[in-house]
Protein chains: 2
Amino acid sequence: MGLDEQHQTTRERLLEAAGEVFAEKGYRDTTVREICQQANANVAAVNYYFGDKQRLYADVLRYAHQCSGAARQSEIAAAERRSPEVRLQGFVEAFLGHIFNEGRAAWHGKLMAREMMEPTQALDALVEERVRPMAHELESITRELIGPEATTEQVRLCVVSVVGQCLHYHHSRPVICRLYPELDFGARDITVLVRHITRFSLSAIKSMASLSDDADRKGGWNEGQ
Amino acid sequence: MGLDEQHQTTRERLLEAAGEVFAEKGYRDTTVREICQQANANVAAVNYYFGDKQRLYADVLRYAHQCSGAARQSEIAAAERRSPEVRLQGFVEAFLGHIFNEGRAAWHGKLMAREMMEPTQALDALVEERVRPMAHELESITRELIGPEATTEQVRLCVVSVVGQCLHYHHSRPVICRLYPELDFGARDITVLVRHITRFSLSAIKSMASLSDDADRKGGWNEGQ
DNA sequence: TTGACATTCAAACCTGTGTTTGAAAGTTTT
DNA sequence: AAAACTTTCAAACACAGGTTTGAATGTCAA
């Protein structure tokens, strides 16, 4: 089976290398040559095994999703029996883990974050297959926290606010590192961040219920308030 | 004065075109040819008037800052006499305005947002000269809202949370458009967004005071709480 | 008016990137 | 063992993007 192993080795080496570099640099800034160098393969190998760079990227997205798929199923199942508070913390923790963790399991989160900043042809499918389910989960949590008077717009704005906080640590990391170096968290240090974002968001979301009945009718707080 | 006008016209046309395209596409995805096309100038004009693309970019950043500079001074001065609530709203409104507005005055905000996602050599200076003063303003607001027991870490985490919400609408716009089309705001529609982010953030920040004394000591809420 | 200087221009240059090509080498099938 | 198929490889190709070059044109100063 020497042939088969050799066959899998080059293709798999390319997948591995590409997963890592795409996750780190995004599609645009990743060169085929760099992937091949890291995979110890000839530059034409990408075309031989995957057809072109774009299809390699698509295969990497698929592969990365597989690597993270099993873990997500158990997370979602476990979350359904929890309070919305714990579910929110779980969501934030998983989200940030995908951004800060190292290794194959974290590629998917990083690739998604990258794709959001620099969309390729893969964005549409990614939104429908990956982002929307996550958004639904967070919507569910948000509705439960606000209560039955929650409007769709409220829920969605809150979802975006929670996700925006998390993604900010990915998208603007070079700035945050310069501005507040102590906020440059590694994978082992995200508990502080998880706690903050969860708490910040919980307070805000829970206040939506009381505000809907009260200050919303009065048009919000004013300077004189 | 035909020479002087013609001289200014080409150079200024380049600055204008570059301001617009850089703000829209960022440094990397902007080509010298596209700038020159829009400016109705020869492709070598960038090198003639600015030396190279990078220096053109640096000049655009400087110019954009001038265009937004006067407006910012009056905003800051006015804000000092206001409550932290109004100041926060003003901050969010200005921030989002810079992202969604059209025209030269908005270049600076867009260029900064772009630079955060895709850092160039200009990032260090930009953080020190532009981002940090804005962060200080938001820190000041946050400290006033939390009160004297506010820790530096708390304040900074809150600053990042507020800014992250705003920037999310810039950085991940293609995703938000697909996920929640009704949240794709134009310049005339940001009042909903300003109100939401302000409210969300105010509630969260104000809850930091009570949480510091209480739940923080108990290690936060648990499932059984 | 001529010379000096400034501006504009098209073409060439250089480098980088993804892809193609065809030969060589390796492996499997007949 | 030969033919068929697969994999690998280096070089070439095609194109994009920033920069350089030198001539032509325009403007200003002597």
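Order of the sequence lines fixes the chain letters, A, B, ..., with proteins taken first and strands second; residue numbering starts at 1 for each chain.
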Checklist entry - Starting at CD of B:Q54 and ending at C1' of D:dG17, how long is that distance when rounded to a whole Å? => result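 Going from CD in B:Q54 over to C1' in D:dG17 covers 15 Å.
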Checklist entry - Under 30°, 30 to 60°, or over 60°: which ring-plane class applies to A:H171 and B:H168, parallel, tilted or perpendicular? => result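 Parallel, since the angle between the ring planes stays under 30°.
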Item to check | Nearest listed nucleotide, side chain of B:N47, among D:dT20, D:dG18, C:dG18 | outcome: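 The closest nucleotide is D:dT20.
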Next on the checklist: Expressed as a whole number of angstroms, how long is the span from A:F22:CZ to C:dG18:C1'?
Outcome noted: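 Atom-to-atom, A:F22 to C:dG18, this comes out as 12 Å.
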Next on the checklist: Quick check on B:Q121: does its CD atom have over 12 non-hydrogen neighbours (other residues, nucleotides or ligands) under 6.0 Å away?
Outcome noted: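 At most 12 heavy atoms, drawn from other residues, nucleotides or ligands, come within 6.0 Å of this atom.
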Next on the checklist: Treating A:S201 as the side-chain partner and A:I197 as the backbone partner, does any N or O pair qualify as donor plus acceptor under 3.5 Å?
Outcome noted: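 A pair under 3.5 Å: yes.
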Item to check | Shortest side-chain distance from A:Y48, nucleotide among D:dT8, C:dT8, D:dT19 | outcome: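 Nearest to the side-chain atoms of A:Y48, counting from C-beta on, is D:dT8.
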Checklist entry - Between D:dG18 atom C1' and B:R28 atom CZ, what is the distance in whole Å? => result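 Rounded to whole Å, this separation is 13 Å.
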Checklist entry - For B:K25 and D:dA16, what is the distance between atoms NZ and C1' respectively, to the nearest whole Å? => result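 One finds 14 Å between C1' of D:dA16 and NZ of B:K25, rounded.
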Next on the checklist: For a quick test of reading the model: is some side-chain N or O of A:N42 closer than 4.0 Å to OP1 or OP2 of D:dA10?
Outcome noted: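 Checking D:dA10 against A:N42, a side-chain N or O does come within under 4.0 Å of OP1 or OP2.
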Next on the checklist: On the nucleotide D:dT8, are OP1 or OP2 found under 4.0 Å from the side-chain N or O atoms that A:Y49 carries?
Outcome noted: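 Result: yes.
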Checklist entry - How close or far is atom P of C:dT19 from atom NZ of A:K53, stated in whole angstroms? => result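 Answer to the nearest Å: 8 Å.
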Checklist entry - Ignoring hydrogens and angles, does a donor from either the side chain of A:R33 or the base of C:dG16 sit under 3.5 Å from an acceptor on the other? => result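 Side chain to base: no pair below 3.5 Å.
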Item to check | A:T31 side-chain N/O to C:dG16 phosphate OP1/OP2 under 4.0 Å | outcome: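 Answer is no, no contact under 4.0 Å.
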Checklist entry - Between atom CG in A:L56 and atom P in C:dT19, what is the gap in whole Å? => result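 For the pair A:L56 CG and C:dT19 P, the rounded distance is 10 Å.
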Next on the checklist: Rounded to whole Å, please give me the gap between CZ in A:R11 and P in D:dT8.
Outcome noted: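 Rounding to the nearest Å, CZ of A:R11 and P of D:dT8 are 12 Å apart.
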Next on the checklist: Nearest whole Å is fine: how far is D:dG17 P from B:I35 CD1?
Outcome noted: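 After rounding, the reported distance stands at 12 Å.
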Item to check | Pairs involving residues 42-52 of chain B, ordered by first then second residue, that meet salt bridge (charged side-chain N to carboxylate O under 4.0 Å, His left out) (sequence neighbours left out) | outcome: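 Counting only pairs at least two positions apart or across chains, the salt bridge (charged side-chain N to carboxylate O under 4.0 Å, His left out) contacts touching residues 42-52 of chain B are B:D52-B:R55.
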Checklist entry - With respect to the side chain of A:T10, which nucleotide from D:dT8, D:dA11, D:dT21 is positioned closest? => result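 The answer is D:dT8, which lies nearest to the side chain.
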Checklist entry - Relative to the ring of B:H65, is the ring of B:H108 parallel (under 30°), tilted (30 to 60°) or perpendicular (over 60°)? => result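 Correct class here is tilted.
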